[in-house]
Student: 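This is the structure I want to talk about, given as structure tokens.
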Protein chains: 2
Amino acid sequence: MDFNNSSYKECSSKNLDDDVKLPSCTVRTMASKAITIDNINPNILKLEYAVRGPLVIRAAEIEKELEKGAQKPFKRVIKANIGDAHAMGQTPITFIRQVISCVTSPELIEKGDYPEDVKQRAREILGACGGNSVGSYTSSHGIEYIRRHVAEYIERRDGYPANWEDICLSSGASTAIKNCLQLLCNNIGGKPSGVMIPIPQYPLYSASLAEYGLEQVGYYLDEDHQWGLDIEELERALADASKNCNVRALVVINPGNPTGQVLTRDNIESIIKFAHKHKLFLFADEVYQDNVYAEGSKFFSFKKVLREIGSPFDDIELASFMTVSKGYMGECGLRGGWMELVNLDPHVQAHLYKCISAMLCPSTLGQTAVDCVARPPLPGEPSYELWIREKTAVLDSLNKRAKMIVDTFNQMEGFKCNIVQGAMYAFPRFELPPKAIKAAAAEGKTPDTFYAFRLLEETGICVVPGSGFGQRPGTYHFRTTILPQPELLKEMLDIFQAFHKKFTAEFSN
Amino acid sequence: MDFNNSSYKECSSKNLDDDVKLPSCTVRTMASKAITIDNINPNILKLEYAVRGPLVIRAAEIEKELEKGAQKPFKRVIKANIGDAHAMGQTPITFIRQVISCVTSPELIEKGDYPEDVKQRAREILGACGGNSVGSYTSSHGIEYIRRHVAEYIERRDGYPANWEDICLSSGASTAIKNCLQLLCNNIGGKPSGVMIPIPQYPLYSASLAEYGLEQVGYYLDEDHQWGLDIEELERALADASKNCNVRALVVINPGNPTGQVLTRDNIESIIKFAHKHKLFLFADEVYQDNVYAEGSKFFSFKKVLREIGSPFDDIELASFMTVSKGYMGECGLRGGWMELVNLDPHVQAHLYKCISAMLCPSTLGQTAVDCVARPPLPGEPSYELWIREKTAVLDSLNKRAKMIVDTFNQMEGFKCNIVQGAMYAFPRFELPPKAIKAAAAEGKTPDTFYAFRLLEETGICVVPGSGFGQRPGTYHFRTTILPQPELLKEMLDIFQAFHKKFTAEFSN
């Protein structure tokens, strides 16, 4: 019995006081339970996370049906819903895996035929672990040895100093983002705190704001200008929201998820000045910093630009987030990440670290992956050649796939897709015939969700509807990853084109 | 600059409006920051976690001082503050590490000389991972293949069925506990939800209740009766608290942390009936289920007893928590755990799973460790002999150390220590001379904290004062792990005895 399915989903959105009408919901009467829909944390009810929502749950069901031999017009589900590179056939970076194996089974350091730099790295990481074992807890903000390497990585990237004590390792970026958001929960003057997030956004933000009772203050990215971030729109959103909440923080995702834009240095400078002007805590979600493809695009970290523009703007509070799940590594399952904290009130930083300490520590093996990313093999070291070859191959291939996907969508009738300058997703806009919009309404679905469900049921392709990320009213989008390997991606795009033609024909007069 | 230190700690507890008087706190005036002590989430300010508190931070400082060659009356810090077995010299279980190495570097499956059951297990786990890689995300409640093994483990343990869809894998038990606690946040009739926790308790509970704004409803364990759990005391605590909050859940830690008691089957039955009577959600913290030492003591899971006593008591909502960090494994750094959910309202369970999904997934390598624990090698399989030998050696040694520590404390003047029936800690009670209590007050410390700081500074032994767990007013305790290896433990206890004599002499007339 899996309760987390779409039929339940529909049931939960109805009036549950009235549950006699909902046979699938009446395993027992609500009143006999300590926790029911009526007395559960109301923020949990509101929370939504489309990347793993009803459509994705249905995709998993279809996979099981296929396994059991069900006849479908397709042979496999293509999961283009989530940035899960290895699941789509990307191979791991050898250096990372070798180091992890060696710290896990230290006898491999001597017995296995691993390169000397792998062995040395494993010895050093083990030396930084209690009792020389990755089975020990680490400091709750991570192993000092690794935090120092992250600081050095940031210094090399930006050309400005980074303080290792301001680096906090985490179980992927999500945990760190949530820890920082949680600091903002407060009702000052009877108004909740508000957090500005882009629309479209990565739904971890909307989900976490709902969970923490923080007010979502959306600012629109400008689709007609390559999903650019317009300061006037930030001012508008801030002014509108200030009636209802105390706007205290600004989230920027660069390179963008789901939109794929890479912010220019000038744009970043304006954002920092805006944050300074309004005393906002700046969340810089920079997890795709290695994923920049378009000619002329370059990644600038907020930290670097902040240091470059200097006083009086460089005292804003900034948290920058990074992970080993994206980039060329794609090690989602290892759960490794970090944040750099800049200019935090030292009291606040101490309380943040204290709060993190109750959760013990991030995975030592995730931290090991972080170390490999923060301090990759250097030219001349035994693992360097292979490492750079593997890294370049992944990024070159993603670059080609980013172009292939955009070109295909732009050839499709009613589609318009901005260039994927960076990250791992395309977020095309598409037109829907009025009859399709009507049919969606009849099923109680948003039009983009209706389209995505049809796509899934007819082709096995799983994308996430734009409504899961937010979009301007009356526009329809979906997010697809660029992660299927080139051959599969080509196949997927061919199927997609055929589906879209058929769909358009079906719903046109 | 590490802000998370004891001098800061003192500063933060003073009036921060007045920060000109506190030079170490005045990096900049508070008003210039988006997040300050005045507008931070007030729950975060309240949160405390003694296991990693100021005393432990001081212990880390002392370690650094020793490294730099500082002269101290001791040569090393003995960290008896945290249940971190490998850090204290316990060696990992070979089977777990071999399987993790093989799934990390699949070429080891063919190349390495590992036993056939290790290779087979690794192949199967990889087969359950997207793209055959541990770098892929898994389902947010864990890999189905492993959840099924956990259900089978529970069935073997209890003799009653377990549903794999009610098993949710997690990053250690802490995450799962917090996810469940969060469901309770609500203000019904203007009163917050209350959660009953034992006093003394494991401070994850008090910290999480503070974080979530839930009311802590403490019930005292009966030190004079082997830290037993008395139903009359539960009734008293519930009645007292009901004026101020809606008591909705009951936490029981069995085997006990920090107290080391193992509940009898009868006691568990009474607790279940109490929870049923008052419609409480029962949190069964059973992470030490493998750690039972005392003759006549036996672990009974709440789930088993619930099934045995049957209707009408067996419909209470129960969440049972388990981890790979304790037991004979001690794999704290891998962050693997699970919870079993019993009798939850299906709507509530669906919302819980939805909430967990935004955090993507627990570490695949932590999940791999869970699989090894849930389905250890069977008699006749190549890894069985070594596995059972390693497991037995760890548990036998812990058993001896549990006795050694209790015997020693009970020989010390003014000490009284209950038998450590299970878990990994002793929680002795000790008397303090009035002069010591006065001296503690002069330093603004609780008497047990004063004692523990003196112990640390003079001997390098780090324990956690009883006030971090809760104790009856006017009594003093500390928690020490039983984890130092036998020789070190003997040395530690000798040093401890000498310190206590000296301390008592100093503060007696």
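All figures in this text were calculated on a predicted structure; none of them were measured in a lab. Computed over heavy atoms, backbone and side chain alike; hydrogens, waters and symmetry mates excluded. Chain letters run A, B, ... following the sequence lines, proteins first, then strands; residues in each count from 1.
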Student: So what's closer than 4.5 Å to chain A heavy atoms on B:Ser363: side chain, backbone, both or neither?
Tutor: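 Both backbone and side chain.
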Student: Side chain, backbone, both or neither: which part of A:Thr175 has a heavy atom under 4.5 Å from chain B?
Tutor: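 It is both, since atoms from each part get that close.
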Student: What part of B:Lys111 gets closer than 4.5 Å to chain A, counting heavy atoms only: side chain, backbone, both or neither?
Tutor: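 Only the side chain of B:Lys111 comes within 4.5 Å of chain A.
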Student: Is it the backbone or the side chain of B:Ser140 that comes under 4.5 Å from a heavy atom of chain A, or both, or neither?
Tutor: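 Both parts, heavy atoms under 4.5 Å.
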Student: Under 3.5 Å, is there a donor-acceptor pair between the side chain of B:Asn41 and the main chain of A:Leu184?
Tutor: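 Flag not set: sc B:Asn41 to bb A:Leu184 has no pair under 3.5 Å.
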Student: Say you draw a straight line from CG of B:Leu47 to SG of A:Cys355; how long is it, rounded to the nearest 0.5 Å?
Tutor: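 So the gap between those two atoms works out to 5.0 Å.
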Student: Checking A:Lys79 against chain B: side chain, backbone, both or neither under 4.5 Å from a heavy atom?
Tutor: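 Neither part, no heavy atoms under 4.5 Å.
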Student: Provide the closest heavy-atom pair for A:Lys279 versus B:Ala34 in the form atom of the first, atom of the second, distance.
Tutor: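 Where A:Lys279 meets B:Ala34 most closely, the heavy atoms are O-CB, 3.4 Å.
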Student: Quick one: SG on A:Cys185 to OH on B:Tyr212, what's the gap to the nearest 0.5 Å?
Tutor: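 Rounded to the nearest 0.5 Å, the SG-OH separation comes to 11.0 Å.
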Student: Give the intermediate values and the outcome of side-chain contact (heavy atoms from CB on, under 4.5 Å) for residues A:Leu334 and B:Leu365.
Tutor: CA-CA 7 Å; A:Leu334 301 184; B:Leu365 301 178; 3.6 Å; yes
Student: What part of A:Gln367 lies closer than 4.5 angstrom to a heavy atom of chain B: side chain, backbone, both or neither?
Tutor: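 Neither part.
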Student: To the nearest 0.5 Å, tell me how far A:Ile40 CD1 sits from B:Asp345 CG.
Tutor: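 Rounded to the nearest 0.5 Å, the CD1-CG separation comes out at 8.0 Å.
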Student: Checking heavy atoms, do the side chain of A:Ala207, its backbone, both or neither come under 4.5 Å from chain B?
Tutor: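 Just the side chain, heavy atoms under 4.5 Å.
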Student: Do A:Ile44 and B:Gln182 come within less than 4.5 Å of each other through their side chains, counting heavy atoms only?
Tutor: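 Contact flag for A:Ile44/B:Gln182 side chains = yes.
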Student: Is there a donor-acceptor pair closer than 3.5 Å between any side-chain N or O of B:Arg335 and the backbone N or O of A:Cys361?
Tutor: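 Judged by distance alone, yes, a pair lies under 3.5 Å.
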Student: Looking only at heavy atoms, what is the nearest atom pair of B:Cys332 and A:Ser136, with distance?
Tutor: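 Scanning both residues, the minimum pair turns out to be CB-C, 4.3 Å.
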Student: I'd like to know if the side chain of B:Lys33 and the backbone of A:Glu317 have a donor-acceptor N/O pair within less than 3.5 Å.
Tutor: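 Judged by distance alone, no pair lies under 3.5 Å.
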Student: Out of A:Ile188, A:Leu360, A:Ile100, which one racks up the most heavy-atom pairs below 4.5 Å with chain B?
Tutor: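 The answer is A:Leu360.
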Student: With only heavy atoms counted, which part of A:Tyr205 is less than 4.5 Å from chain B, the side chain, the backbone, both or neither?
Tutor: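 For A:Tyr205, neither part sits under 4.5 Å from chain B.
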Student: For the side chain of B:Arg248 and the backbone of A:Ile35, is there at least one donor-acceptor N/O pair under 3.5 Å apart?
Tutor: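 The answer is no, because no donor-acceptor pair under 3.5 Å joins these two groups.
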Student: Which answer fits B:Glu144, side chain, backbone, both or neither, if we ask what part of it has an atom under 4.5 Å from a heavy atom of chain A?
Tutor: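 Just the side chain, heavy atoms under 4.5 Å.
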Student: Counting only non-hydrogen atoms closer than 4.5 Å, does B:Pro203 touch chain A with its backbone (N, CA, C, O), its side chain (CB onward), both, or neither?
Tutor: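 No part of B:Pro203 comes within 4.5 Å of chain A.
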Student: Let me confirm one number: the OG-CD distance from B:Ser133 to A:Gln90, rounded to the nearest 0.5 Å.
Tutor: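 Nearest 0.5 Å value for the OG-CD distance: 9.0 Å.
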Student: Who wins among B:Ala358, B:Ser174, B:Gly130 for the most heavy-atom pairs under 4.5 Å with chain A?
Tutor: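 When all of B:Ala358, B:Ser174, B:Gly130 are compared, B:Ala358 has the most.
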Student: I'd like to check A:His86 versus B:Asn132 (side-chain heavy atoms, cut-off strictly below 4.5 Å). Are they in contact?
Tutor: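 Of all side-chain heavy-atom pairs linking B:Asn132 with A:His86, none is under 4.5 Å.
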Student: Do A:Asp84 side-chain atoms and B:Tyr137 backbone N/O form a donor-acceptor pair below 3.5 Å?
Tutor: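 Looks like yes, one N/O pair under 3.5 Å.
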Student: Tell me, for A:Ile96 versus chain B, whether the close heavy atoms (under 4.5 Å) come from the side chain, the backbone, both or neither.
Tutor: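 Neither part, no heavy atoms under 4.5 Å.
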Student: Can you say whether A:Asn246 sits under 4.5 Å from chain B via the side chain, the backbone, both, or neither, judging by heavy atoms?
Tutor: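 For A:Asn246, no heavy atom lies under 4.5 Å from chain B.
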Student: Please rank A:Leu108, A:Leu204, A:Asn43, A:Leu280 by heavy-atom pairs under 4.5 Å with chain B and give me the top one.
Tutor: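 Between A:Leu108, A:Leu204, A:Asn43, A:Leu280, the count favours A:Leu108.
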Student: Tell me, side chain or backbone of B:Asp113 under 4.5 Å from chain A's heavy atoms, or both, or neither?
Tutor: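 For B:Asp113, side-chain heavy atoms alone lie under 4.5 Å from chain A.
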Student: Let me know if A:Thr138 has heavy atoms under 4.5 Å from chain B in its side chain, its backbone, both or neither.
Tutor: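 Only the backbone of A:Thr138 comes within 4.5 Å of chain B.
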Student: Say whether A:Ser101 and B:Arg97, considering side chains only, have a donor N or O and an acceptor N or O under 3.5 Å apart.
Tutor: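 On atom types as modelled, these side chains do not qualify, holding no pair under 3.5 Å.
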Student: Please rank B:Gly83, B:Ala369, B:Gly131 by heavy-atom pairs under 4.5 Å with chain A and give me the top one.
Tutor: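 Top option by heavy-atom pairs under 4.5 Å: B:Gly131.
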Student: Between B:Asn186 (side chain only) and A:Asn39 (backbone N and O only), is there a donor and an acceptor less than 3.5 Å apart?
Tutor: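 Side chain of B:Asn186 to backbone of A:Asn39: a pair is present.
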Student: Output the option from B:Ile82, B:Val324, B:Thr94, B:Leu352 having the highest count of non-hydrogen pairs under 4.5 Å with chain A.
Tutor: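 The residue among B:Ile82, B:Val324, B:Thr94, B:Leu352 with the greatest pair count is B:Ile82.
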Student: Identify which part of B:Val103 has an atom lying under 4.5 Å from any heavy atom of chain A, answering side chain, backbone, both or neither.
Tutor: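 For B:Val103, the contact with chain A is made by the backbone alone.
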Student: Do any N or O atoms from the side chain of A:Lys354 and from the backbone of B:Leu45 form a donor-acceptor pair under 3.5 angstrom?
Tutor: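 Side chain of A:Lys354 to backbone of B:Leu45: a pair is present.
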